[in-house]
Amino acid sequence: MLSVLTVPAFNDNYLWIIHDGVHAAVVDPGDAAPILDALKEHKLSLVAILLTHHHSDHVGGVATLLQHYKVPVFAPRNDPIANVTQPMDEGNVVTISELDLKLSVLEVPGHTLGHIAYVAAEQGWLFCGDTLFAGGCGRLFEGTPKQMLSSLDKLAALPDDTKVYCAHEYTISNLRFALAAEPGNAALTARYKVEQEKREHDVATVPSSIGIEKATNPFLRVREPAIAQQLIADGRTKNSDPITVFAALREWKNNFR
Ligand code: ZN
Ligand code: FE
């Protein structure tokens with residue numbers, strides 16, 4: 001039986017440890033120290049490192065972890081990352097035999113050009129780095145709105161009960177923006193209350209699920225007439241073409257306080 005440990009790091013990052021009580025794989029270890037502490041605390045031995053993209057808050061701990069454990073490093077082929085042993089492309093499968101775990105790779109460019117996500121179909125887990133967030137999506141540092149929208153559409157096509165393990169606790173500020181973009185969405189209003197309650201008790205709002213995101217995340221809802229109408233009424237876009245709506249939403253969010 002596999003489970004996922006949440007390892008908070010920096011201000012608002014989540015690093016993920018997948019384990020069976022003996023062996024462990026880590027996703028996006030931006031910092032080695034909290035990972036080494038968690039491995040020690042839970043008496044786990046690291047067997048693999050999985051990376052979603054090249055930003056330092058996702059890869060910064062890799063070199064130090066490799067000093068302690070000689071393990072394969074899975075990472076996107078098209079992002080510049082040191083120490084990678086297994087460059088991954090769309091459709092590749094990561095097999096971690098110690099954990100009896102298979103994860104398939106999706107290319108999800110937009111936040112970075114090489115960004116990938118890992119799907120454990122049997123467990124119903126998605127590790128999506130900074131592509132899809134609870135209530136939002138990553139900034140477009142390298143890709144275009146068209147690329148990011150098609151990446152998010154790919155993730156939205158996963159089963160509704162897929163758990164979304166994203167890499168940051170940005171949920172409350174994302175949902176405040178979502179409410180501005182789609183004030184009439186009752187599921188969104190309800191979710192905002194639930195997630196606020198969690199944060200007041202210092203509980204993580206992640207993982208979310210694909211079903212919850214499809215119902216409340218404006219970046220997965222660019223084909224909803226209400227969202228397009230809001231943007232058009234505010235003068236942020238002139239038409240309801242999904243890519244145009246997505247670009248206008250992302251631009252609005254970049255400046256939203
Ligand atoms: Zn990033
Ligand atoms: Fe990040």
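First listed ligand is number 1; within each ligand, the first listed atom is number 1.
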**Request:** Give a rough value, rounded to 10 degrees, for the angle at the Fe ion (ligand 2) between atoms NE2 of His58 and OD2 of Asp130.
**Result:** 90°
**Message:** To make sure I understand the geometry: which N, O or S atom in Asp57 is closest to the Fe ion (ligand 2)?
**Reply:** OD2
**Prompt:** From the Fe ion (ligand 2) out to just under 2.8 Å, does an N/O/S atom of His55 turn up?
**Reply:** no
**Parallel, tilted or perpendicular: rings of His115 and His53 (30°, 60°)** = parallel
**Asked** Nearest to the Zn ion (ligand 1), which N, O or S atom of His55 do we find?
**Response** ND1
**Message:** side-chain hydrogen bond (donor to acceptor under 3.5 Å, both in side chains), that's the test. Do His55 and Thr112 meet it? Break it down for me.
**Reply:** CA-CA 9 Å; His55 289 157; Thr112 69; over 6 Å; no
**Request:** Please find the N/O/S atom of His53 nearest to the Zn ion (ligand 1) and write down its name.
**Result:** NE2
**Request:** Would you tell me whether Asn254 and Arg250 have side-chain atoms, one donor and one acceptor, within less than 3.5 Å of each other?
**Result:** yes
**Prompt:** With a cut-off of 2.8 Å, does Asp28 place any N/O/S atom under that distance from the Fe ion (ligand 2)?
**Reply:** no
**Message:** Looking only at N, O or S atoms, which one in Asp130 sits nearest to the Zn ion (ligand 1)?
**Reply:** OD2
**Request:** Write down the atom of Ala167, the atom of His58, and the distance for their closest heavy-atom approach.
**Result:** CB-CE1, 3.3 Å
**Prompt:** Just wondering, are more than 12 heavy atoms of other shown residues or ligands nearer than 6.0 Å to NZ in Lys70?
**Reply:** yes
**Request:** Please check if the side chain of Glu213 supplies one atom and the backbone of Leu220 the other of a donor-acceptor pair under 3.5 Å.
**Result:** no
**Message:** Using a distance threshold of 2.8 Å, state whether an N, O or S atom of His168 lies below it from the Fe ion (ligand 2).
**Reply:** yes
